[in-house]
Amino acid sequence: MKRTYALMIVLLLCLNNLTSPAAALGAPERIDFDDGSYAIITTEIVSQTRTKISDSKIYTYYNASGQKCFAYTLRATFTYNGITSSADECYYLADIYRRGWDISTHREYTSGSTAYGSATFSGPDGQTRPVYLSLTCSRNGNVT
């Protein structure tokens, strides 16, 4: 009987390790704009060990017709040990989905236990959309 329980525990642990390394964190946030367009912000774990975590926050912009226009991703790596945490590095990814959109400016940096990213996207009709994202890691490896 003990052997059966031990085998079941080992199988559950193995199945748990087979899941995708990127996992979504919490519910997506939606920002609605006056012109009917909107943005969805999601956060996901890219990888995690006992003392390091890599997370991404993704800002995806949709026009008033619901068409995906662009996405800006802030990805950061953090070190934590239960007492302190620090943001080690960060970088961005930009994806353009609709003709006429482009990234005009961007800036990413770390300070303490937080990674910051900002960008401005230009649209086909002269519109601009600023994006501001941040990721903060707690001393226990929880990223918000």
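What you are looking at is a predicted structure, and each value in this text was computed from that prediction instead of being measured.
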Ring centroid separation Tyr61 to Phe70 under 6.0 Å: yes
Minimum side-chain heavy-atom gap Leu133-Ile41 below 4.5 Å: yes
Are any of the side-chain heavy atoms of Ser113 and Ser86 separated by less than 4.5 Å? no
Checking the side chain of Asn81 only, and the main-chain atoms of Ile83 only, is there a donor and an acceptor separated by less than 3.5 Å? yes
Quick one: does Gln127's side chain have a donor or acceptor within less than 3.5 Å of a partner on Asp125's backbone? yes
In Å, rounded to the nearest 0.5 Å, how long is the span from [atom1] of [X] to [atom2] of [Y]?
{"X": "Tyr72", "Y": "Ser118", "atom1": "OH", "atom2": "OG", "answer": "6.0 Å"}
{"X": "Arg75", "Y": "Glu89", "atom1": "CZ", "atom2": "CD", "answer": "11.0 Å"}
{"X": "Thr136", "Y": "Asn142", "atom1": "OG1", "atom2": "CG", "answer": "12.0 Å"}
{"X": "Asn63", "Y": "Cys69", "atom1": "CG", "atom2": "SG", "answer": "4.0 Å"}
{"X": "Arg30", "Y": "Tyr38", "atom1": "CZ", "atom2": "OH", "answer": "5.5 Å"}
{"X": "Thr114", "Y": "Phe78", "atom1": "OG1", "atom2": "CZ", "answer": "7.0 Å"}

Please determine, by modelled atom types, if Thr51 and Thr79 share a side-chain donor-acceptor pair under 3.5 angstrom. no
With no hydrogens and no angle check, just 3.5 Å: does a side-chain donor-acceptor pair link Thr84 and Arg139? no
Report yes or no: do [X] and [Y] belong to one cluster of Ile/Leu/Val/Met/Phe/Trp/Tyr joined by side chain heavy-atom distances under 4.5 Å?
{"X": "Trp101", "Y": "Tyr92", "result": "yes"}
{"X": "Tyr62", "Y": "Phe121", "result": "no"}
{"X": "Tyr59", "Y": "Val143", "result": "yes"}
{"X": "Ile31", "Y": "Leu135", "result": "yes"}

Heavy-atom pair of closest approach, residues [X] and [Y]:
{"X": "Arg98", "Y": "Ile96", "value": "O-CG2, 3.5 Å"}
{"X": "Glu108", "Y": "Cys90", "value": "CB-SG, 3.8 Å"}
{"X": "Ser138", "Y": "Ser85", "value": "O-CB, 3.3 Å"}
{"X": "Gly141", "Y": "Ile53", "value": "O-CD1, 3.6 Å"}
{"X": "Ile103", "Y": "Ala119", "value": "CD1-CB, 4.0 Å"}
{"X": "Ala115", "Y": "Leu74", "value": "O-CD2, 3.7 Å"}

Quick test of your reading of the model: are Asp88 and Lys52 salt-bridged, counting only N-O distances below 4.0 Å? yes
Quick one: do Lys57 and Asp55 make a salt bridge, cutoff under 4.0 Å? no
For Arg129, what residues pass the salt bridge (charged side-chain N to carboxylate O under 4.0 Å, His left out) criterion, not counting sequence neighbours? Asp35
If hydrophobic residues (ILVMFWY) are linked whenever their side-chain heavy atoms come closer than 4.5 Å, directly or via other members, who joins Leu93 in its cluster? Tyr91
